[in-house]
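Order of the sequence lines fixes the chain letters, A, B, ..., with proteins taken first and strands second; residue numbering starts at 1 for each chain.
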2 protein chains.
Amino acid sequence: MDKAPTRDRILVATAELFRRQGYTGTGLKAVVAEADAPFGSLYHHFPGGKQQLAGEVIRASGAFFQALVLAAYDEQATTAESVRAVFTGAAETLEATDYADACPIATVALEVASTDEILRLVTAEVFTAWTDALTERLAGDRDRAFGILSALEGAFVLCRALCSTEPMHAAGRLAVAGIEASRRIS
Amino acid sequence: MDKAPTRDRILVATAELFRRQGYTGTGLKAVVAEADAPFGSLYHHFPGGKQQLAGEVIRASGAFFQALVLAAYDEQATTAESVRAVFTGAAETLEATDYADACPIATVALEVASTDEILRLVTAEVFTAWTDALTERLAGDRDRAFGILSALEGAFVLCRALCSTEPMHAAGRLAVAGIEASRRIS
DNA sequence: GTCTATAGAAGGATAGAC
DNA sequence: GTCTATCCTTCTATAGAC
């Protein structure tokens with residue numbers, strides 16, 4: 001169970017703590033405690049310190065979340081059903097995890113946006129990758145992709161604050177309505 | 001210019017720092033430095049410490065932002081124009097402030113959602129007030145209000161990370177499309 | 001009530017034994 | 001390459017002079 005290499009355990013522990021407490025709220029001592037690793041190992045594997053660790057965590061969490069969302073998306077037959085599935089799945093996950101398991105990088109992204117240009121660029125990379133993947137599935141409609149992603153991200157914020165999945169379902173209906181509207185036009 | 005009472009200067013300075021650096025990222029020493037106030041004054045006016053200060057700042061910033069958004073909203077004649085004005089205004093403000101002036105409480109809301117139940121409730125209060133005000137303007141359509149707010153909040157996240165207003169404009173178009181769709185139905 | 005000084009804990013980071 | 005001990009800074013919070 002805990003046989004994973006030290007470096008990986010540190011990455012996983014950091015991702016978990018970032019999601020719940022954010023970047024500045026997570027101390028490196030808490031990270032090594034959660035990862036059950038000695039403090040020195042952290043700087044052995046991540047000589048760049050907290051910033052390097054955060055960069056790798058953002059990239060890994062971003063890729064993981066993208067795969068998760070796209071898996072739910074690609075299971076459905078139509079675009080509308082796919083979009084609906086993503087929002088419904090997000091709502092279910094939120095409820096099942098006591099509103100802890102939302103977007104893994106949103107909190108960190110907001111924290112570093114105006115304070116750490118290097119990490120901001122990493123979050124931008126991740127969001128761009130998500131947008132590209134979704135744009136591809138929407139026949140190149142990048143505008144629609146940004147709209148749907150915005151609705152999803154914002155719903156995470158409201159749901160976590162309110163401890164309710166109502167905003168997620170509402171955002172999902174708005175996203176689907178957008179799909180229907182664009183279908184009528186095209 | 002700096003004749004405002006100490007207590008108010010502290011509130012304003014904290015709001016500004018929270019928006020840029022978040023809750024855990026903002027130290028009380030930075031607050032008193034920004035407010036040009038002695039450290040002791042902070043605990044004199046806010047005996048509850050950082051938590052009490054944050055609570056008041058969240059409430060005040062929330063009310064201020066709500067008034068700002070509703071002013072833009074109520075200036076327009078139709079619902080669609082109102083919604084468009086809110087998103088366009090947000091995009092303009094983001095660009096004018098180098099992507100610093102977004103939702104004043106989103107970062108803090110995500111940070112405290114899983115770590116401070118008292119402050120989470122305060123952010124929930126604010127988001128509920130926004131939702132109620134928007135629901136009223138949408139003829140009681142709470143679902144649509146949550147959808148639009150989600151799109152706005154999420155667009156703030158993406159815009160700040162990407163240093164681009166593209167997500168805000170896309171989210172605005174999605175929100176307007178939702179309005180049009182609901183008009184057809186009703 | 002305004003302000004200084006400092007306590008006590010936690011933060012990130014490093015050195016160096018093994 | 002694993003782990004301990006420690007450095008220096010910053011944090012929140014308090015005490016107490018004025």
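For the pair Lys50(B) and Tyr43(B), the cation does not sit on the ring face, since its NZ or CZ is not both under 6.0 Å from the ring centre and inside 45° of the axis.
Note: CZ (Phe46(B)) to C1' (dT12(D)) measures 16 Å, nearest angstrom. A straight line from CG of Leu28(A) to C1' of dT6(D) spans 16 Å, rounded to a whole angstrom. In this structure, Lys50(B) atom NZ and dA10(C) atom C1' are separated by 13 Å, rounded to whole Å. Residue Arg7(B) contributes atom CZ, which lies 16 Å from atom C1' of dT2(C) at whole-angstrom precision. Between the CG atom of Leu42(A) and the C1' atom of dG11(C) there is a distance of 13 Å, given to the nearest Å. Atom CD of Gln21(B) and atom C1' of dC11(D) are 14 Å apart (whole Å). One interatomic measurement links the two molecules: OH of Tyr23(B) to C1' of dG11(C), which rounds to 16 Å at whole-angstrom precision. At whole-Å resolution of the value, NE2 in His45(A) and P in dG1(D) are 8 Å apart.
In this structure, Asp116(B) CG and Tyr23(B) OH are separated by 5.5 Å, a value rounded to the nearest 0.5 Å.
Comparing His44(A) and Phe39(A) by the nucleotide of DNA chain D that holds the closest heavy atom to each, the one mapping nearer the 5' end is His44(A). Mapping Ala30(A) and Pro47(A) onto DNA chain C via the closest heavy atom, the residue that lands nearer the 5' end is Ala30(A).
Ion pairing between Glu56(A) and Arg7(A) holds under the 4.0 Å rule for side-chain N and carboxylate O. Contact check on Glu81(B) versus Arg84(B) returns no salt bridge, with no Lys/Arg side-chain nitrogen under 4.0 Å from an Asp/Glu carboxylate oxygen. The residues Arg9(A) and Asp36(A) are annotated as not salt-bridged, no charged nitrogen and carboxylate oxygen being separated by less than 4.0 angstrom.
Residue Thr24(B) is classed as having no contact, given no heavy-atom separation below 4.0 Å to the nucleic acid. Backbone-only contact: Gly27(B) has heavy atoms under 4.0 Å from sugar-phosphate atoms and none from a base.
Taking only side-chain nitrogens and oxygens, Lys29(A) never comes nearer than 4.0 Å to OP1 or OP2 of dA10(C). The shortest distance between the side-chain N/O atoms of Tyr43(A) and the OP1/OP2 oxygens of dA13(C) is below 4.0 Å.
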